[in-house]
Amino acid sequence: MAHLHDLSVAELARQIRSKEVSATEVARHFLARSQADSHGAYLAIDEDVTFAQARAADERIASGDAAPLLGVPIAHKDIFVTRDFPSTAASKMLAGYRSPFDATIVSRLAQAGCVTLGKLNCDEFAMGSSNENSAFKPVANPWDPSRIPGGSSGGSAVAVAARLAAAATATDTGGSIRQPASFCGVTGIKPTYGRASRHGMIAFASSLDQAGVMARSANDCALLLSAMCGPDPDRDSTSLDEPAEDYARALGAPLEGLRIGVPQEFFGQGLADDVRAAIETALQQYEKLGARRVPITLPRTELSIPVYYIIAPAEASSNLARFDGVKFGHRARQYADLADMYRKTRAEGFGDEVKRRIMIGTYVLSHGYYDAYYLQAQKIRRMIADDFQRAFRQCDVIAGPAAPTVAWKIGAKADDPVANYLADIFTLPGSLAGLPGMSLPCGFGQGGLPVGLQLIGNYYQEGLLLNAAHRFQQATDFHQRRPEGVQ
């Protein structure tokens with residue numbers, strides 16, 4: 001069974017469906033690997049739950065069920081609530097919390113036949129770019145355990161890269177799928193804002209948070225995204241009234257004539273030479289496949305950092321106000337009165353990065369500063385979205401780096417939060433505009449560490465992005481390579 005963790009989602013589904021291997025055998029294999037995880041990817045594993053789901057998948061197959069992902073082992077970022085596993089958002093504030101329901105994303109993947117292996121580590125309340133902010137343990141990059149995996153979905157990226165799960169759910173608020181996917185050498189996609197339901201996703205910044213998925217290939221991501229997406233009007237008011245698409249069916253279309261926009265702002269000062277070289281080689285590969293490079297400009301790229309770090313903390317300040325020790329979650333053991341309970345509960349329950357963002361958000365929303373900061377940030381956000389629309393008149397997709405460097409050493413930026421924020425420069429603009437984006441492995445940089453190529457599409461163009469990534473992966477093998485220490 002040592003080969004099972006090297007199979008793609010599509011191949012695992014095929015073998016389980018044809019009864020070459022049972023869902024229970026696959027679950028047993030992946031659980032053994034997950035329980036031996038030395039990278040800190042998992043926060044919760046429950047054999048009984050996983051085996052029960054696997055047996056149910058085998059029974060569905062025996063009854064003739066044709067669900068597309070029957071028996072495929074998946075793990076969920078611990079920002080999605082689940083009935084059968086704790087849902088903590090990697091925070092002491094929710095340590096041990098059990099949800100009475102599953103997130104829509106979790107339930108839809110279960111309906112498609114996926115078997116849950118467990119819950120994955122992340123930055124606390126999805127706030128961070130390095131996965132060093134988890135309240136329970138940091139996550140190590142399997143390509144070099146002394147380095148960060150990226151965040152906030154670092155646990156998801158590591159689970160896929162280290163072959164601890166065939167795929168993993170993730171969330172992207174300002175780049176938290178694309179950046180860790182780049183650092184860990186996996187494929188990750190964030191769909192158009194509203195394509196995937198946010199019901200049951202523990203909120204960070206509601207106008208930015210979007211569910212997505214990580215796997216080893218674009219083909220696998222297409223299969224999973226088709227199962228995840230679709231309207232959820234009764235539970236998520238921001239859910240788009242757009243039916244789910246069969247993204248896998250559209251894969252394989254030729255790239256002849258595809259116009260790839262290359263923003264000059266993505267290739268200026270601050271981009272590491274090794275990353276620049278890998279991205280340039282990837283763009284040349286696209287030209288060999290028939291695509292055409294088009295120079296474009298996104299003039300407000302640099303403004304995306306201050307805009308995001310006003311809007312996101314403001315929304316976080318509002319969303320995290322619910323964690324006060326009254327209804328659920330952590331409560332301080334000793335306090336003098338209600339106000340003292342609030343203060344002590346939040347002081348004990350939240351980590352430094354979460355407190356930092358709450359304080360920033362409360363400040364920019366306060367009387368006298370709302371117009372000067374928050375309102376102005378929203379105006380510039382609209383301008384950033386308009387810049388993209390002008391660019392898409394000249395091109396079909398936009399390509400560039402997902403991050404300015406390869407993964408840095410754990411602790412290297414721990415004392416400089418602004419340096420962490422600057423690492424999101426290439427992913428923030430697309431998030432602010434609500435556009436679909438993905439990262440796919442395109443080469444290696446300093447120290448043999450992975451480099452990710454970011455593709456950004458116009459609204460509802462997930463299929464175009466996935467096909468562009470798929471065609472690239474048919475011509476290259478970067479997505480098939482594994483970290484040296486992973487067997």
[X] atom [atom1], neighbour heavy-atom count above 12 within 6.0 Å:
X: Lys355; atom1: NZ; answer: yes
X: Gln446; atom1: CD; answer: no
X: Asp352; atom1: CG; answer: no
X: Glu20; atom1: CD; answer: yes

- Task: Name all pairs fulfilling the side chain to side chain donor-acceptor pair (under 3.5 Å) condition that reach into residues 398-417, sequence neighbours left out, sorted by first residue then second.
- Result: Ser146-Lys409
- Query: With sequence neighbours left out, which residue pairs that include part of residues 418-434 fulfil the side chain to side chain donor-acceptor pair (under 3.5 Å) condition?
  - Reply: Ser129-Asp424, Asp172-Ser431, Arg178-Ser431, Tyr309-Asp424, Glu353-Tyr421
Do any pairs count as a salt bridge (Lys or Arg N to Asp or Glu O under 4.0 Å) and have a residue in [range], sequence neighbours left out, and if so which ones?
range: residues 266-284; answer: Glu280-Arg293
range: residues 443-453; answer: none
range: residues 436-455; answer: none
range: residues 135-161; answer: Asp144-Arg147

Polar side chain donor-acceptor pair, [X] to [Y], under 3.5 angstrom:
X: Tyr42; Y: Ser34; result: yes
X: Gln210; Y: Thr173; result: no
X: Thr192; Y: Glu462; result: yes
X: Arg108; Y: Gln111; result: no
X: Ser153; Y: Lys77; result: yes
X: Glu47; Y: Gln35; result: yes

Nearest 0.5 angstrom please: [X] [atom1] to [Y] [atom2], how far?
X: His470; Y: Asp220; atom1: NE2; atom2: CG; result: 10.5 Å
X: Cys221; Y: Met228; atom1: SG; atom2: CE; result: 9.5 Å
X: Met93; Y: Leu320; atom1: CE; atom2: CG; result: 7.5 Å

- Just do the side-chain contact (heavy atoms from CB on, under 4.5 Å) check on Thr82 and Ser99 with the steps written out, would you? CA-CA 6 Å; Thr82 47; Ser99 169; over 6 Å; no
Check this for me, if you would: do [X] and [Y] make a salt bridge, where the nitrogen-to-carboxylate-oxygen distance has to be below 4.0 angstrom?
X: Arg482; Y: Asp6; value: yes
X: Asp37; Y: Arg33; value: no
X: Arg28; Y: Glu25; value: no

If you look at every heavy atom in [X] and [Y], which pair is closest and at what distance?
X: Ser239; Y: Gly230; answer: OG-O, 3.9 Å
X: Val139; Y: Gly40; answer: CG2-O, 3.4 Å
X: Ala90; Y: Cys122; answer: CB-O, 3.1 Å
X: Ala112; Y: Ala67; answer: O-CB, 3.4 Å

- Can you tell me if Gln454 uses its side chain to pair, donor with acceptor, with the backbone of Pro401 under 3.5 Å? yes
Who are the side chain to side chain donor-acceptor pair (under 3.5 Å) partners of [X], not counting sequence neighbours?
X: Glu124; value: Ser91
X: Arg163; value: none
X: Asp102; value: none

Does any non-hydrogen side-chain atom of [Y] lie less than 4.5 Å from one of [X]?
X: Val451; Y: Phe478; value: no
X: Tyr459; Y: Tyr193; value: no
X: Ser22; Y: Arg55; value: no
X: Leu7; Y: Leu12; value: yes
X: Pro441; Y: Thr187; value: yes
X: Pro149; Y: Pro180; value: no
X: Met127; Y: Ser152; value: no

- Task: Taking ring pair (Phe, Tyr, Trp, His ring centres under 6.0 Å) as the test, write out the residues that go with His199, two or more places apart.
- Result: Phe101
- Message: Check the orientation of Phe125 and Phe350. Use parallel for under 30°, tilted for 30 to 60°, and perpendicular for over 60°.
- Response: perpendicular
- For the pair Trp143 and Phe444, name the ring-plane relationship: parallel under 30°, tilted 30 to 60°, perpendicular over 60°. tilted
- Message: Given Gln53, which partner from the list Leu117, Asp48, Val115 fulfils the side-chain contact (heavy atoms from CB on, under 4.5 Å) test?
- Response: Val115
- Name all residues meeting the salt bridge (charged side-chain N to carboxylate O under 4.0 Å, His left out) criterion together with Asp232; count only those two or more places apart in sequence or in a different chain, and write none if there are none. Arg235
- Query: Which residues pass the salt bridge (charged side-chain N to carboxylate O under 4.0 Å, His left out) test with Asp65, sequence neighbours left out?
  - Reply: Arg60
- Message: Run the side-chain contact (heavy atoms from CB on, under 4.5 Å) test on Arg198 and Ser206 for me, step by step, so that the C-alpha distance in whole Å, both residues' side-chain angles and the decisive distance to 0.1 Å come before the verdict.
- Response: CA-CA 9 Å; Arg198 292 189 304 109; Ser206 300; 3.7 Å; yes
